[in-house]
Amino acid sequence: MSKSLALFAIALIALIRLASSSHAEQPNIVFFFADDQTTSTLGCYGNDVIKTPNIDHLAKQGTRFENMFVSHSICWVSRTTILTGLTGRSYGTPANPDQTRADAAKVLYSDLLRDAGYRTGYFGKWHAKMPRGYKPQDHFDDFQAIGRNPFYKPQPDGSLRHETEVIVDKGIEFIRNQPKDKPFALNLWFNACHAEDSDRRPAIGHFPWPRAVDGMYDDVQIPGPRLGDPAIFDALPDFLRTTINRERYFWRWNTPEKYQTNVKAYYRMVSGIDGAIGRFMEALEEAGLADNTIVVYSADNGYHMANRGLAGKWSHYEESLRVPLIVMDPRVPSAHQGQVTDKIALNLDLPATFLDWAGVPVPKRYHGASLNQIVQGQAADDWREESFHEHFAVRNRIPAFEGLRNKHYKYIRYIDQGNHEFLHDLQQDPNELVNLAGDPKHQQVLNQMRQRLDQKVDTLGGPLDPMKQPLSRSTAPHPDASAMVSARADQEGFVSVFDGRSLRGWSGDKKYWSVKDGALTGVTDGSLKMNRFITWKHSTVRNFDLRVKVKVTAGGNSGIQYRGTSRPDLGLDVVTGYQCDVVANNPNFNGMLYEEKGRRILSHTGEKVIVDPQGQPWVVEQLPVKSFAADQWHDYRVLVQGNHHQHWIDGHPTADLLDFDAAGRSLEGVLAVQVHVGPAMTIQYKDFKIKHLPDDLPLKEFKDHPIPVGSKGVRPQGRLPKDWQPPTYP
C-alpha cells in the first residue's frame with residue numbers, strides 16, 4: 001500500500017469513528033410538560049410552602065429560567081406552538097388562527113428527531129387543533145393520548161390511578177424498552193394542574209390530585225393571593241372584569257374557605273407531578289441512562305391563582321404569560337450547574353433547542369432559537385431583548401390582544417376593544433398596576449413600541465381578520481349569587497339540578513346510582529358497609545331554596561346533603577355536612593336536620609332549635625310531627641338563609657334551626673344525596689331544582705334570639721346512659 005493510500009485509509013477510519021461517536025453522543029431528551037402552572041407554585045421559584053423536592057433538585061443541577069414566557073397563554077395554542085415551532089397566528093390563518101394549517105403541521109419537531117435516529121415517545125395531553133384527519137400517532141414511534149375527565153383512570157384490577165401516575169408509568173415502560181444503540185426523545189405532557197372545569201366541587205372534585213399526596217398541606221394556612229386587593233380588580237376595564245377569567249374566579253377562589261381548599265388541592269396536584277418525576281428519575285438511573293439524558297420541565301401557560309380577582313390564564317399580565325423552565329443537562333460543566341438566567345425565553349424556543357441538542361439543523365421557518373448556549377453558560381450577547389405575545393383563542397369570550405414585552409416595558413393592545421392599550425413599566429411597576437398608555441411622558445415609548453409591534457405582526461402573517469361577533473359577557477363583575485355564574489334559571493329563578501335523563505352533572509358510583517323512570521335512583525341490596533353518595537358537580541351551594549320530589553321504599557333511609565364538604569379520606573364521593581333526612585316509616589326522623597360526620601343530630605323532626613355559640617343545640621319550640629307513607633312521592637323543601645335552616649315535607653315544617661356556632665357551621669359547600677347503610681332499599685329523586693339566593697344575606701345574631709330559660713338540650717345520637725337527662729338552659 002502506498003503511503004498516500006495509507007494516509008487516506010487512516011483518515012477514512014477517523015471520519016467513520018467520528019461519525020459513530022457523534023451518533024453515540026446524541027443526548028436523550030425528556031420533556032415534562034405541566035398544564036396551567038405559573039412560576040409561583042414551585043419551591044425553586046420561591047414558594048416556601050409547596051413541596052417540590054424533585055423539580056427543585058433538577059434546578060440545582062441545571063439552569064432555571066427566571067424569564068420564561070409563552071407567546072399565547074392557552075393550552076392548545078401553546079402546545080401547537082411547541083409541536084410546529086410557529087407562533088399561533090403563523091400556523092393558522094388571519095380568518096381562523098385557531099386551526100392549524102396542513103402545511104404547518106406536516107412536519108413536527110418529533111419527525112425531524114426521528115430522521116436523525118431518535119426513538120420518540122409521547123404520553124399525555126394532546127389538545128392540539130390539527131387539520132381534519134390528522135393522526136398524531138404518525139409523528140411518534142410510541143404515542144398515547146391520555147386526557148382528563150376523569151383524572152382517575154380505571155385499572156385492570158379495578159383500582160383507580162391518577163393520570164399523572166399513568167403518564168409516568170408509560171414513560172418508565174418506554175425507557176425500559178429503549179434499545180441501547182439509539183437515542184430517545186420522550187414527551188410526558190401532564191393534564192395536571194388543569195382544573196376539572198365540569199366538576200366545581202372544591203378540593204378533589206375541581207383539582208383532583210394523585211392519592212399518594214392525600215393529606216398534604218392539611219395543616220398549612222396558605223397565604224392569600226399576592227394581588228388580592230379588590231381595588232386591583234375594580235380598576236380593570238369592563239371587558240376584563242366580565243370575561244371568563246372572572247367567571248371562573250367564582251368557581252375556585254371567591255371565598256377564603258374555597259380559596260384555602262382549592263389552593264391546597266392545586267398544590268397537591270403539583271406535588272403529585274413532582275413525586276412522579278422523582279419516580280421517573282429513579283427509573284432513569286436504574287436503566288443507566290441518566291448521564292446522557294437532558295431533562296426539561298415547563299408548563300403550557302401561567303395561572304392567575306386568584307390574583308387580580310381572576311382565575312385561569314388568557315390575559316396579558318405576568319402571571320398568565322410567565323411559566324417555569326428548568327433545563328438539566330448532565331453534560332454541562334459543574335460551574336454552570338444550578339445557574340439562574342434572566343434571559344427572555346419562550347415556548348417557541350423549545351423545539352429549536354431539542355433539535356440543536358440532537359445535531360439537527362433548526363428549520364428557517366421556526367420562530368424560536370436554541371437555548372443551548374444559555375444552558376451551557378455562554379454569554380449569548382446577541383440574545384433577544386424583546387418578545388411577542390398574543391391571544392386570539394375563544395375570541396368571542398376572551399378579549400384578544402397582541403403586544404411586546406422587554407425588560408423595561410410591556411405594551412399591549414386589545415384589538416377587538418378599539419385597540420385599548422396598556423403600557424406597563426416593569427421596572428418601576430412590576431405588578432402592572434399602573435397603565436401608562438395615557439401618560440404624555442411615555443408617549444415616545446408608546447409610539448416606538450406601537451411601530452415595532454406593527455412590524456412584528458407583519459412578519460408573522462399580518463393582522464387578524466375583524467371579529468364577526470361582539471365579545472360576550474361571561475359574568476357580572478360582582479354577581480349577587482356566585483353559584484348563578486354560568487347557570488341558567490327558569491322564570492321563577494330555579495336552576496335544574498337533574499335533567500331526568502342522565503347522570504350528567506353528578507358524580508357517584510354507578511353500581512348504586514342510575515336513572516330509572518325519569519328519576520335519580522339509588523339502590524342497595526342491604527349489604528352496604530358505608531353510605532354511598534352522589535354529588536352535584538355544577539357549583540357549591542350557599543343560600544338557597546331547594547325543591548325536590550322524593551320516594552323511598554319501606555325501611556329505606558336517605559338524605560339530602562347540602563353545604564357539604566368532600567371527604568376523599570373516606571371516599572371520592574363521600575360528603576359530610578348538613579342533611580335533611582329522608583326516612584320511610586319513621587316520622588321521628590323524616591325531615592330532621594343532621595350533620596353527617598360532624599355534630600350529628602342538630603334537630604329531631606318537630607323541633608325548633610337554636611344552636612348556641614358553644615355548639616349546644618336547644619329545643620325552643622315543638623312542631624307537630626306527621627307521618628309520610630313509604631313508596632309514595634313527597635315534596636321536600638330545604639330553605640337556607642345565612643345561619644337559618646328550614647325543612648318541609650309536603651308543605652309541613654319538619655325542622656327550623658338557627659345556628660350560632662361559628663366554629664362548627666358551614667356557610668357554603670356541595671349538594672349531594674345518599675343511599676344509607678341498612679336494609680335493601682330504593683330511593684328516587686325527581687323534579688330536582690334549586691334557587692340560588694344572594695350570597696350576602698346577613699347572619700342572624702344570637703343576641704336577637706334569646707333561648708327561653710328551661711329549654712331542653714337536643715338528644716344526641718348514639719347509645720346514652722339509662723339515667724340520661726337532657727341539659728336544661730341556662
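Scope of the values below: all heavy atoms of this structure, side chains included, with no hydrogens, waters or symmetry mates.
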Take R413 and D454 through the salt bridge (charged side-chain N to carboxylate O under 4.0 Å, His left out) test and state the conclusion after the steps.
CA-CA 11 Å; R413 60 191 180 205; D454 289 342; 2.8 Å; yes
If you apply the rule side chain to side chain contact (heavy atoms under 4.5 Å, CB included), what do you find for F190 with M269, and how did you get there?
CA-CA 10 Å; F190 302 113; M269 294 184 92; over 6 Å; no
Under-4.0 Å salt bridge between R397 and E247
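Yes, charged N to carboxylate O under 4.0 Å.
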Quiz question: by atom type and distance under 3.5 Å, do the side chains of [X] and [Y] form a donor-acceptor pair?
X    : Y    : result
D349 : T353 : no
R200 : S486 : yes
T293 : N28  : yes
W253 : N262 : no
S315 : H304 : yes
N47  : Y267 : yes
E319 : N307 : no

Per the side-chain contact (heavy atoms from CB on, under 4.5 Å) rule, which among [options] passes with [X]?
X    : options          : value
Y109 : V360, L83, L350  : L83
I277 : I55, L188, T164  : I55
L108 : D138, T120, T84  : T84
L446 : M449, H442, Q443 : Q443

Residues, nucleotides or ligands: over 12 heavy atoms within 6.0 Å of [X] [atom1]:
X    : atom1 : result
K170 : NZ    : no
R365 : CZ    : yes
K407 : NZ    : yes
K343 : NZ    : yes

In terms of ring plane angle, is the pair H72 and H391 parallel, tilted or perpendicular, where the classes change at 30° and 60°?
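Rings of H72 and H391: tilted, as their planes differ by 30° to 60°.
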Verdict with supporting geometry, F143 and Y122, ring pair (Phe, Tyr, Trp, His ring centres under 6.0 Å):
CA-CA 5 Å; F143 176 92; Y122 186 107; 5.2 Å; yes
Check the pair N347 / V323 against side chain to side chain contact (heavy atoms under 4.5 Å, CB included), numbers first and verdict last.
CA-CA 9 Å; N347 55 348; V323 294; over 6 Å; no
From CA spacing to verdict: salt bridge (charged side-chain N to carboxylate O under 4.0 Å, His left out), D197, R248
CA-CA 9 Å; D197 291 331; R248 296 190 181 187; 3.0 Å; yes
Test of understanding: with ring pair (Phe, Tyr, Trp, His ring centres under 6.0 Å), list the residues that count as partners of F151, not counting sequence neighbours.
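Ring pair (Phe, Tyr, Trp, His ring centres under 6.0 Å) check on F151 returns H162.
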Sequence-distant partners of H420, ring pair (Phe, Tyr, Trp, His ring centres under 6.0 Å), two or more places apart
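Listed in chain order: F239, F422.
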Would you compute the distance between atom [atom1] of [X] and atom [atom2] of [Y] and round it to the nearest 0.5 angstrom?
X    : Y    : atom1 : atom2 : value
Y411 : L423 : OH    : CG    : 8.5 Å
S298 : F33  : OG    : CZ    : 6.0 Å
L355 : N372 : CG    : CG    : 12.0 Å

Can you pull the salt bridge (Lys or Arg N to Asp or Glu O under 4.0 Å) pairs that have at least one residue in [range], sequence neighbours excluded?
range            : value
residues 353-364 : none
residues 89-99   : R89-E390, R89-E402, D98-K129
residues 65-81   : D35-R79, R64-E66, R79-D300
residues 463-487 : D238-R473

Walk me through it: do H139 and Y134 pass the test ring pair (Phe, Tyr, Trp, His ring centres under 6.0 Å)?
CA-CA 10 Å; H139 300 267; Y134 193 86; 4.9 Å; yes
Please list all pairs meeting ring-ring contact (aromatic ring centres under 6.0 Å, His included) that have one or both residues in residues 466-489, counting only residues at least two apart or in different chains.
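Found F233-H478.
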Just to verify, what does D103 make a salt bridge (charged side-chain N to carboxylate O under 4.0 Å, His left out) with, not counting sequence neighbours?
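Checked D103 against salt bridge (charged side-chain N to carboxylate O under 4.0 Å, His left out); matches are R101.
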Listed partners of E318 passing salt bridge (charged side-chain N to carboxylate O under 4.0 Å, His left out), at least two apart
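Only R322, R405, K410 meet the salt bridge (charged side-chain N to carboxylate O under 4.0 Å, His left out) criterion with E318.
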Going by side-chain hydrogen bond (donor to acceptor under 3.5 Å, both in side chains), name the residues that satisfy it together with Q373, two or more places apart in sequence or in a different chain.
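In terms of side-chain hydrogen bond (donor to acceptor under 3.5 Å, both in side chains), with neighbours along the sequence ignored, Q373 is linked to no residue.
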For T39, enumerate each residue passing the side-chain hydrogen bond (donor to acceptor under 3.5 Å, both in side chains) test, keeping only those at least two apart in sequence or located in another chain.
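Result, side-chain hydrogen bond (donor to acceptor under 3.5 Å, both in side chains) vs T39: none returned.
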Do [X] and [Y] make a side-chain contact, defined as non-hydrogen atoms from C-beta onward lying under 4.5 Å apart?
X    : Y    : result
D142 : F123 : yes
T63  : T341 : yes
N301 : D36  : yes
F31  : I82  : yes

Step by step, would you call E163 with R148 a salt bridge (charged side-chain N to carboxylate O under 4.0 Å, His left out)?
CA-CA 7 Å; E163 64 88 25; R148 56 183 177 87; over 6 Å; no
Are S73 and S320 close enough, and set up right, to give a side-chain hydrogen bond (donor to acceptor under 3.5 Å, both in side chains), and what steps lead you there?
CA-CA 6 Å; S73 185; S320 174; 2.9 Å; yes
For a side chain to side chain contact (heavy atoms under 4.5 Å, CB included) check, start with the C-alpha distance between I167 and W189, then their side-chain angles and the critical distance, and finish with the verdict.
CA-CA 8 Å; I167 289 168; W189 290 23; over 6 Å; no
Let's go through V394 and W314 carefully: what are the C-alpha distance in whole Å and the side-chain angles of both, what is the deciding distance for side chain to side chain contact (heavy atoms under 4.5 Å, CB included) to 0.1 Å, and is it a yes or a no?
CA-CA 10 Å; V394 199; W314 313 303; over 6 Å; no
Partners of Q444 by side-chain contact (heavy atoms from CB on, under 4.5 Å), sequence neighbours excluded?
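side-chain contact (heavy atoms from CB on, under 4.5 Å) list for Q444, sorted by chain: Q448.
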